[in-house]
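In the text below, chain A, chain B and the rest are named by the order of the sequence lines, each starting its count at 1.
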Amino acid sequence: MRIATWNVNSLKVRLPQVVAWLDKHRPDALCLQELKLEDASFPRAELQAAGYSAAFSGQKTYNGVAILSREPAANVVSGIAGFDDPQRRVISADVGGVRLICAYVPNGQSVDSEKYQYKLNWLAAFSAWLAQELAAHHRLAVLGDYNIAPEDRDVHDPKAWEGQVLVSPPERDAFRRLIELGFRDSFRLFEQREKSFTWWDYRMNGFKRNLGLRIDHILLGASLAANCASCSIDVEPRGNERPSDHAPVVAEIAV
DNA sequence: ATGGCTTGAGTGTCAAGA
């Protein structure tokens, strides 16, 4: 089974690139974040033509998440149970005997902002809910844009980023608590090149200079982690014309 | 130098992303 995650930063703009990527890689499921469109504008027909059905939770302008799958998804649930959030950031579904959770963790803007507090509150609710989801689902994968670079090796210039949003200790603690629920960061199950990143700033030629962060992750519950054969970042789409600022992350699981 | 790009909204120019 091949599963993937990609923050597309507008599905409207990136739709041709998403279709091309699906054609090339044929994942069983692709989790998308930052759709930036309402459900009424979701390009269901175009994705169907590419061979994928979709479960989605959109909103105007901001956020929005989807799970695309070759086999139709079952038991689709939006949001975090027990956490009232007007921002569309989570969607879950069963695909091929695996429970998939697609998440777009808040950015936080800066550590002294209200959005940072929202991010930490959101992560606390997410963590409590994932503990329940782990207990409920034998095969669980949580894919998405976590907006957290877990360690200094996930940051192009740790000194410059020290204490900033995306790397601050409270955020990293929150990420570690997610892992300690019983997940593995699939990317770190394998030998990886140094300076592997999933996001590069649009400005200052960030991608060409590989000034990036690794903030998009595929977390696997124990039974999926034990059967994970690979995890890699596909930097190719970041070199497209009008690219998303994020690259897809792909995991292969022997299920 | 707190900028730099990109998107969506909406037709000015700003919020938000990371």
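Of the candidate nucleotides B:dT7, B:dA18, B:dG8, B:dA18 has the atom nearest to the side chain of A:N7. Set against B:dC5, B:dA18, B:dG8, the side chain of A:Y202 has B:dC5 as its closest nucleotide. Considering only the side chain of A:S10, B:dG8 comes nearest among B:dG8, B:dA9, B:dA18. For A:R203, whose side chain is taken as the heavy atoms from C-beta onward, the closest listed nucleotide among B:dT7, B:dA9, B:dA18 is B:dA18.
Among the heavy atoms of the strands lying under 4.0 Å from A:I215 are primed sugar atoms or P, OP1, OP2 only; no base atom is included. Among the atoms of the strands shown, only primed sugar atoms or phosphate atoms (P, OP1, OP2) are found under 4.0 Å from some heavy atom of A:Y104. No engagement by A:V165 is indicated, since no non-hydrogen atom pair under 4.0 Å with the nucleic acid exists. At a threshold of 4.0 angstrom between heavy atoms, the contacts of A:N63 with the nucleic acid are absent. When heavy atoms are screened at a 4.0 angstrom cut-off, A:E34 is found touching the sugar-phosphate backbone but no base atom.
Residues A:P243 and A:V105 each lie close to DNA chain B; by heavy-atom proximity, the contact nearer the 5' end of the strand is made by A:P243.
Going from atom CG of A:D154 over to atom C1' of B:dA18 covers 15 Å, rounded to whole Å.
A:W199 pairs in a side-chain hydrogen bond (donor to acceptor under 3.5 Å, both in side chains) with only one of the listed residues (A:N9, A:D245, A:D145), which is A:D245.
A donor-acceptor pair shorter than 3.5 Å can be found between the side chains of A:H156 and A:W161. For the residue pair A:N7/A:E34, the side-chain donor-acceptor check at 3.5 Å is satisfied. Checked by atom type, the side-chain pair A:D85/A:Y118 shows a donor-acceptor distance below 3.5 Å.
Comparing B:dG8 with B:dG3, their P atoms sit 23 Å apart, to the nearest whole Å. Rounded to whole Å, the separation between the P atoms of B:dC14 and B:dG4 comes to 12 Å.
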At under 4.0 Å between heavy atoms, how does the protein contact nucleotides 11-16 of chain B? Give one character per nucleotide, 5' to 3', with B, S or -.
-----S
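In terms of phosphate contacts, A:N9 brings no side-chain nitrogen or oxygen within less than 4.0 Å of OP1 or OP2 of B:dT6. Taking side-chain N and O atoms only, A:R14 has no distance below 4.0 Å to OP1 or OP2 of B:dT6.
A salt bridge between A:K119 and A:E171 is present, with a side-chain N of the basic residue lying under 4.0 Å from a carboxylate O of the acidic one.
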